[in-house]
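Values below: all heavy atoms of this structure, side chains included; hydrogens, waters and symmetry mates excluded. Both ligands and their constituent atoms are indexed starting at 1 by order of listing.
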Amino acid sequence: MQLQLLPTSHTFFTRFSLSSFIHRNPNMTSGSNSLMWFRKGLRIHDNPALEYAAKNSNHVYPVFVIDPHYMKPDPNSFSPGSNLAGLNRIRFLLESLVDLDSGLKKLGSRLLVLYGEPSDVVIRCLKEWDIKRLCFEYDTEPYYQALDTKVKNYALENGIEVFSPVTHTLFNPVEIIEKNGGKPPLSYQSFLKLAGEPHWSISSPPSTIPPIGDLGNLEVSEVPTVEQLGYQDFQEEYPDPPLFKGGESEALRRLKESTNNKEWVATFEKPKGDPSAFIKPATTMLSPYLKFGCLSTRYFYQCIKEVQQEVKNHTSPPVSLIGQLLWRDFFYTVGFGTPNFDRMRGNTICKQIPWNGDDELLAAWRDARTGFPWIDAIMVQLRKWGWIHHLARHSVACFLTRGDLFVHWEKGRDVFERLLIDSDWAINNGNWLWLSCSSFFYQYNRIYSPISFGKKYDPTGAYIRHFLPVLKDMPKEYIYEPWKAPLSVQTKAKCIIGKDYPKPVICHDDAIKECKRKLAAAYELNKKTNGVVSDEDMKKLRRKLVEDQGQGNDSRRLKQKLI
Ligand code: FAD
């Protein structure tokens, strides 16, 4: 059977112009079986892949594959969850699937849940159900690129049409990179210039979905509960009920709530937000819904645009709400066009820096035991809520890397990747590169103080008292630096530093000096070698840094000084 690869701008698909991956089979009759493969994009609204499947088929099989590798409890991980994902995110995903299932049921269908390695399972489905059309949202993450190549190759070889539109982002990263001569733009401003205005229209939700055909011999289940996956014992560590209920219905409800406040949307200025606001956080908190595509970014964008048209004056990118969505697209584009974007070695846009691999310091940071209440409170919020404010992310990422502990950004990235509900490959890596001064941003002299930064927003320490109740009675004079409180004050506050709450793992003033010294030397080496730093160069730099510091005044020594 002959297959035709259509240019993405083919007239038939002008509504998805230049934003689709389409392999059409010209001999295909409409009315055959389609498989709608959900991965992200867990929604009915603005879902061109679903709309296409529903319009052109006799039977539609809506499928989600649970990869046990992603979901199975891992008792050896540092927090409840699987090997790859914390329990907060697993629970959010399952709730999103339940909501999707109920949305599909309203349209005459339902979600078919299967277990196994996703590409193997999908290929089995294609065979067993005699599928002629495979529809799924295009994904730029390396994991999905590899998965999708395998499935697309099978489909192509077997005359199956593939419809895979780019709908997770506002722009198609491929197009932006092409416009920029094959390289991703490395600054937000150049990205904005290349991107211009998006040119899609929102896809209308299908009014009905063709029925599911014969299921043959494949084992199909309902969406499991967290308990059914084996997570009975872990509930108490998390807020109950969870702060983020997964699913499209909740996403649309929250979006409406946010955009109803037109003044707030129009005057939104990200840097002015208060990272310590926890009763009513300063931003939309929609990131988990965008991550899983419970909320269409395009629909979100359109709603903000509508508000802006109604309100006379509004803020602009990079600080506006639209600006935030564009940051998302920026990191998706750079991530897609940069080999080894998620690591330091082999990543041409990443400065080569001799970070340490101090697992003791890493664990203190991860487990909220640094002795700096601002940092520890944020890390508790991260673990409990699976979400923290952007500037809180700045604070702890800077502290772990270039500000204080000089631990490798990849290690911090891994902790975020596990604990965040909104954990997103492109955005998380992009921001860790940024915060560690490895890429995009290079002013390593500008440090977030673990003491004064939080105090600026929250002088009485309400945020710290909430997330670190052990410090709840510490007077406000000492809440950011409790080790300075006289013993009598500590006793009265029922919190002895070094016993009830840790002493600081480093001396901040010494640590910043050390970090700056190392970064200056690393930047110099990167400049000298034009960014091509060999293993040998790196070894030499490490040796030089030890020699220069004479007595070995590194973070480990600082740590010993204080404990
Ligand atoms: P809002 O301010 O309401 O913004 C709306 C949306 O815009 C967000 O939901 C998000 O999709 C996007 N957005 C906002 N800020 C950024 C940004 N700086 N870069 C890219 N997109 C942005 N965001 C993630 O979604 N997933 C991550 O894994 C992630 N990791 C991060 C790691 C670090 C070290 C830092 C500093 C930031 C990270 N961010 C990440 C970006 C940002 O902090 C979150 O997107 C934001 O705090 C989510 O809250 P919100 O939905 O209320 O954001």
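Judged purely by distance below 3.5 Å, without hydrogens or angles, the side chains of Arg328 and Thr297 pair a donor atom with an acceptor atom. A donor-acceptor contact under 3.5 angstrom links the side chains of Trp374 and Ser395, judged on distance only. Side-chain contact, Ser82 with Asp74: no donor N or O sits under 3.5 Å from an acceptor N or O. Side-chain atoms of Thr167 and Glu137 form a donor-acceptor pair, as typed in the model, at a separation below 3.5 Å. Defined by atom type and a distance below 3.5 Å, a donor-acceptor pair is missing between the side-chain atoms of Glu269 and Thr267.
For Thr297, no heavy-atom contact with ligand 1 is shorter than 4.0 Å. The proximity of Trp434 to ligand 1, defined as any non-hydrogen pair under 4.0 Å, does not occur for either the backbone or the side chain. The proximity of Leu435 to ligand 1, defined as any non-hydrogen pair under 4.0 Å, is limited to the side chain. Only the side chain of Leu290 comes within 4.0 Å of ligand 1, counting heavy atoms alone; its backbone N, CA, C and O stay farther away. With a 4.0 Å heavy-atom cut-off, ligand 1 is reached by the side chain of Lys270 but not by its N, CA, C or O. Within the 4.0 Å heavy-atom criterion, the part of Phe416 lying near ligand 1 is the side chain and not the backbone.
With ligand atoms numbered from 1 in the order given, ligand 1 contributes 50 (P), 51 (O), 52 (O) to contacts under 4.0 Å with heavy atoms of Met285. Shown in contact with Phe331 at under 4.0 Å from a heavy atom are these atoms of ligand 1, numbered in order with element: 19 (N), 20 (C). When each atom of ligand 1 is checked for a heavy atom of Trp387 under 4.0 Å away, the hits are 48 (C), 49 (O), 52 (O). Of all atoms in ligand 1, numbered sequentially from 1 with element shown, those under 4.0 Å from a heavy atom of Leu325 are 6 (C), 7 (O). The ligand atoms of ligand 1 that sit less than 4.0 angstrom from a heavy atom of Ser423 are 28 (O).
If you check which protein heavy atom lies closest to atom 28 (O) of ligand 1, you get Asp424 N, 3.0 Å. Taking atom 3 (O) of ligand 1 as the reference point, the nearest protein heavy-atom neighbour is Thr284 OG1, 2.5 Å. Nearest to atom 20 (C) of ligand 1 among the protein's heavy atoms is Ile427 CG2, 3.2 Å. Protein heavy atom at the shortest distance from atom 24 (C) of ligand 1 is Asp422 OD1, 3.5 Å. Given atom 4 (O) of ligand 1, the protein heavy atom at minimum distance is Gln324 CB, 3.5 Å.
Put simply, the side chain of Tyr463 does not reach to within 4.5 Å of the side chain of Arg465, judged on heavy atoms.
Nearest to atom 37 (C) of ligand 1 by heavy-atom distance, out of Asn431, Val319, Leu326, Asn428, is Asn431. Taking each of Ser287, Ser320, Ala397 in turn, the one with a heavy atom nearest to atom 48 (C) of ligand 1 proves to be Ser287. Of the listed options Arg393, Arg413, His389, Arg393 places a heavy atom closest to atom 46 (C) of ligand 1.
With ring centers used as reference points, His314 lies 6.0 Å or more from Phe268. A centroid separation of 6.0 Å or more is found between the aromatic rings of Trp425 and Tyr143.
Considering backbone and side-chain atoms alike, Trp327 places every N or O at 3.5 Å or more from each N or O of ligand 1. Between Trp432 and ligand 1, not a single N/O pair is under 3.5 Å apart. In terms of polar-atom proximity, defined here as any N/O pair under 3.5 Å, His394 makes no such contact with ligand 1. Residue His390 has at least one nitrogen or oxygen atom sitting less than 3.5 Å from a nitrogen or oxygen atom of ligand 1, judged on distance alone. In terms of N/O distances under 3.5 Å, ligand 1 is not approached by Phe268. Considering backbone and side-chain N/O atoms, Leu286 comes within less than 3.5 Å of an N/O atom of ligand 1.
The only member of Val307, Thr284, Ile322 that meets side chain to side chain contact (heavy atoms under 4.5 Å, CB included) when paired with Val265 is Val307. Partner Trp434 forms a ring pair (Phe, Tyr, Trp, His ring centres under 6.0 Å) with one of Tyr444, Trp409, Trp327, Phe330 and no other, that one being Trp327.
Counting non-hydrogen atoms of neighbouring residues, nucleotides and ligands closer than 6.0 angstrom, the NZ atom of Lys72 reaches no more than 12 such neighbours.
How far CH2 of Trp37 is from CG of Leu50: 16.0 Å, rounded to the nearest 0.5 Å.
Using a cut-off of 4.0 Å between Lys/Arg side-chain N and Asp/Glu carboxylate O, Glu410 and Arg343 are scored as not salt-bridged. Between Glu175 and Lys179, none of the side-chain N atoms (NZ, or NE/NH1/NH2) sits under 4.0 Å from a carboxylate O, so this pair counts as no salt bridge. Ion pair Arg366/Asp414 not flagged as a salt bridge, since none of the NZ, NE, NH1 or NH2 atoms sits closer than 4.0 Å to an Asp/Glu carboxylate oxygen.
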